[in-house]
Peer 1: 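Following this message is one structure expressed as structure tokens.
The chain is numbered in sequence order, starting from 1. FYI, side chains are in, hydrogens and waters are out, and symmetry mates aren't considered; it's all heavy atoms of this structure.
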Amino acid sequence: MIETQKFKVRPAPEAARRSKRAPVKARARFREPGLNPFDVDLFDLSSTGFRMVTAFRPQIGKHIWVNLPGLQPLEAVVRRADGNNYGCEFIAPLHPAVADHLQASLRGA
């Protein structure tokens with residue numbers, strides 16, 4: 001378990017993953033439709049989704065928009081919640097080469 005300044009970060013369950021997620025450490029912008037965006041911490045990323053930690057409490061099933069470094073805003077759905085950890089699935093998966101590039105560039109960010 002990783003501890004940030006405010007939150008405990010738990011690993012996402014392996015069995016629930018459809019594609020390989022890589023650990024990352026990055027900031028992203030997150031927003032729900034009609035609301036102002038704010039920063040969240042990313043802790044893993046794959047072509048099909050990501051895990052973020054935030055004090056904001058999005059509901060499971062809620063559609064959100066996330067700005068990953070260097071990409072246009074991407075639509076995702078909140079699939080899991082565990083405390084302040086949220087597992088999200090991209091509506092349109094990232095191309096595997098894009099996911100590989102982001103995983104490599106954000107691994108030590």
Peer 1: Under 30°, 30 to 60°, or over 60°: which ring-plane class applies to Phe90 and Phe50, parallel, tilted or perpendicular?
Peer 2: tilted
Peer 1: Identify the two heavy atoms, one from Asn67 and one from Pro73, that lie closest to each other, and give their separation to 0.1 Å.
Peer 2: ND2-CG, 3.4 Å
Peer 1: Show your reasoning for whether side chain to side chain donor-acceptor pair (under 3.5 Å) applies to Asn84 and Arg57.
Peer 2: CA-CA 7 Å; Asn84 293 326; Arg57 303 264 182 210; 3.0 Å; yes
Peer 1: As a quick check of understanding, evaluate side-chain contact (heavy atoms from CB on, under 4.5 Å) for Asp41 and Arg27, giving each step before the final call.
Peer 2: CA-CA 5 Å; Asp41 293 313; Arg27 300 287 283 171; 2.7 Å; yes
Peer 1: Do Leu71 and Val77 sit in the same hydrophobic cluster, where Ile, Leu, Val, Met, Phe, Trp and Tyr count as joined when their side-chain heavy atoms come under 4.5 Å apart?
Peer 2: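 No, because Leu71 and Val77 fall into different hydrophobic clusters, even though each may have its own neighbours under 4.5 Å.
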Peer 1: Can you name the closest pair of heavy atoms from Ala26 and Leu106 and give their distance?
Peer 2: CB-CD2, 3.9 Å
Peer 1: Look up atom CG in Leu74 and atom CG in Leu94, then write down how far apart they are to the nearest 0.5 Å.
Peer 2: 6.0 Å
Peer 1: Show the nearest heavy-atom pair for residues Cys88 and Ile64, with the distance to one decimal.
Peer 2: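 Answer, listing the atom of Cys88 first, then Ile64: SG-CD1, 3.9 Å.
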Peer 1: Consider ring-ring contact (aromatic ring centres under 6.0 Å, His included). Of Phe56, Trp65, Tyr86, which one does Phe30 pass it with?
Peer 2: Phe56
Peer 1: Tell me the closest heavy-atom pair linking Ala22 and Arg107, and the distance in Å.
Peer 2: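 The answer is CB-NH2, 3.5 Å.
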Peer 1: Nearest 0.5 Å, please: how far is CZ in Arg79 from OG1 in Thr48?
Peer 2: 10.5 Å
Peer 1: Would Arg51 and Asn85 count as a side-chain contact (heavy atoms from CB on, under 4.5 Å) here? Give the steps.
Peer 2: CA-CA 7 Å; Arg51 185 167 48 95; Asn85 290 268; 3.1 Å; yes
Peer 1: Check whether any side-chain heavy atom of Phe43 sits under 4.5 Å from a side-chain heavy atom of Val53, and report yes or no.
Peer 2: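 Result yes, sub-4.5 Å side-chain heavy-atom pair found.
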Peer 1: With heavy-atom distances below 4.5 Å as the criterion, would you say the side chains of Asp82 and Arg80 are in contact?
Peer 2: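 No, too far: nothing below the 4.5 Å cut-off.
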Peer 1: With a 4.5 Å cut-off on side-chain heavy atoms, are Leu68 and Leu45 touching?
Peer 2: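 Leu45 vs Leu68: side chains touch.
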Peer 1: Grab the two heavy atoms, one from Pro69 and one from Leu102, that are nearest each other, plus how far apart they are.
Peer 2: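 Nearest pair, atom of Pro69 first, then Leu102: O-CD2, 3.6 Å.
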Peer 1: His63 and Ile91: which non-hydrogen atoms are nearest, and at how many Å?
Peer 2: CE1-CD1, 3.6 Å
Peer 1: Arg31 and Asn36: side-chain donor and acceptor closer than 3.5 Å?
Peer 2: no
